[in-house]
2 protein chains.
Amino acid sequence: MEVTIAKKERKATSEKVVGHFSDKGPTNSLCPVRDILSRVSDKWSMHTIILLGKSEKLRFTELKKGIEGISQRMLTVTLRALEEDGFLVREIFPEIPPRVEYRLTDLGRSLLQQLMQLSDWANENMDEVLKQRKRYSKK
Amino acid sequence: MEVTIAKKERKATSEKVVGHFSDKGPTNSLCPVRDILSRVSDKWSMHTIILLGKSEKLRFTELKKGIEGISQRMLTVTLRALEEDGFLVREIFPEIPPRVEYRLTDLGRSLLQQLMQLSDWANENMDEVLKQRKRYSKK
DNA sequence: CGGCATCCGTGCCGATACTG
DNA sequence: CAGTATCGGCACGGATGCCG
């Protein structure tokens, strides 16, 4: 039995979301959004998805090199969480030294498309946001 | 001079994002995305934006009633952060008792559109994600 | 009514050391 | 190479009390 880090660390997050949206209410229809949003918006998931989107298939070490600043631990945690949601698959080659490859699933690529759209919006509007922040800071 | 809670609490987040994306790297173009994503994906921002999107203009207490489970403190923090980014405006009426109204800006409504798209995607794909999680849990 | 100040638990994440 | 285990700092957010 492997996977001990990610399993524990993810449980809390899931329950947090479920707990706040499982009951009725007008905003209830957005439960999935916050769920996925909170999955993707953590510190490293988006980086990982984008990088995999560019290269189609990468090894652990290649990902680590491509994502500047990420620790071994967080790369593992992030990859396991994305695997759990079905955004990527993990393929183990029982060689010595071991080799593990990661690639996006169709679902993962679909998510990537969404992120790209959001990316476009963000790039278009970031200047305005920064301007607003500046204005706000001296009020 | 007002605004003490939110200002302090936001500084760390901003610096965190900037610190990790201000340098070069292939994923650098996504800096704004993570910035906005981390703004929107906190515990209450999306609720707030959606609710304001429905009602066009709401008072503090009305928002508090509409967002189930939110504390006074977090509503204040959330509203200040969204105001800082220019997603909503805060209008104070110096009456007794005081009245404060919040409404989305054009920028905020534009962001809302993006969230709605993401919402659609999430609703379409959540079943698949949940299925994947189940499969993963018994592996 | 619409906040602010403070205390405090909990979870996220980095650093480090160890392993098949 | 690709992880796991553990410790510790710090940010996020809840509870409570006070105020113009």
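Chain letters run A, B, ... following the sequence lines, proteins first and then strands; every chain starts at 1.
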Figure out the [atom1]/[atom2] separation between [X] and [N], and round it to whole Å.
X: B/Ile67; N: D/dG14; atom1: CD1; atom2: C1'; answer: 16 Å
X: A/Met74; N: D/dG9; atom1: CE; atom2: P; answer: 19 Å
X: A/Glu91; N: D/dC1; atom1: CD; atom2: P; answer: 19 Å
X: B/Leu79; N: C/dC1; atom1: CG; atom2: P; answer: 16 Å
X: B/Arg59; N: C/dG2; atom1: CZ; atom2: C1'; answer: 9 Å
X: A/Leu75; N: D/dT4; atom1: CG; atom2: P; answer: 11 Å
X: B/Gln72; N: C/dC1; atom1: CD; atom2: C1'; answer: 9 Å
X: A/Lys64; N: D/dG3; atom1: NZ; atom2: C1'; answer: 12 Å

Kindly write out the residues that satisfy side chain to side chain contact (heavy atoms under 4.5 Å, CB included) with A/Glu128, not counting sequence neighbours, or none if the list is empty.
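Expected list: A/Lys131, A/Gln132, B/Leu107.
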Which comes earlier along DNA chain C counting from the 5' end, the contact point of A/Pro98 or that of A/Ile70, where each point is its nearest nucleotide?
A/Ile70
Taking only the side-chain nitrogens and oxygens of [X], find out if one of them lies under 4.0 Å from OP1 or OP2 of [N].
X: A/Thr61; N: D/dA2; result: yes
X: B/Arg99; N: C/dG3; result: no
X: A/Arg73; N: C/dC18; result: no

Closest contact, heavy atoms only, B/Trp121 versus A/Ser110:
NE1-OG, 2.6 Å
Show every donor-acceptor pair shorter than 3.5 Å between a side-chain atom in residues 57-64 of chain A and any protein atom, with sequence neighbours excluded, or say none if there are none.
residue : atom : partner : partner atom : Å
A/Glu62 : OE1  : A/Arg59 : N            : 2.7
A/Lys64 : NZ   : A/Ile70 : O            : 3.0

If only atom types and distance count, is the side chain of B/Ser45 paired as donor or acceptor with the main-chain N or O of B/Arg39 below 3.5 Å?
yes
Flag, side chain of B/Arg90 to backbone of B/Arg103, donor-acceptor distance under 3.5 Å:
no
Can you tell me which nucleotide in C/dC4, D/dT4, D/dG14 comes closest to the side chain of A/Thr76?
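Taking heavy atoms from C-beta onward, the closest nucleotide is D/dT4.
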Heavy atoms only, 4.0 Å cut-off, all strands: where does A/Tyr102 land among base, sugar-phosphate and nothing?
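Here A/Tyr102 touches the backbone only, sparing every base.
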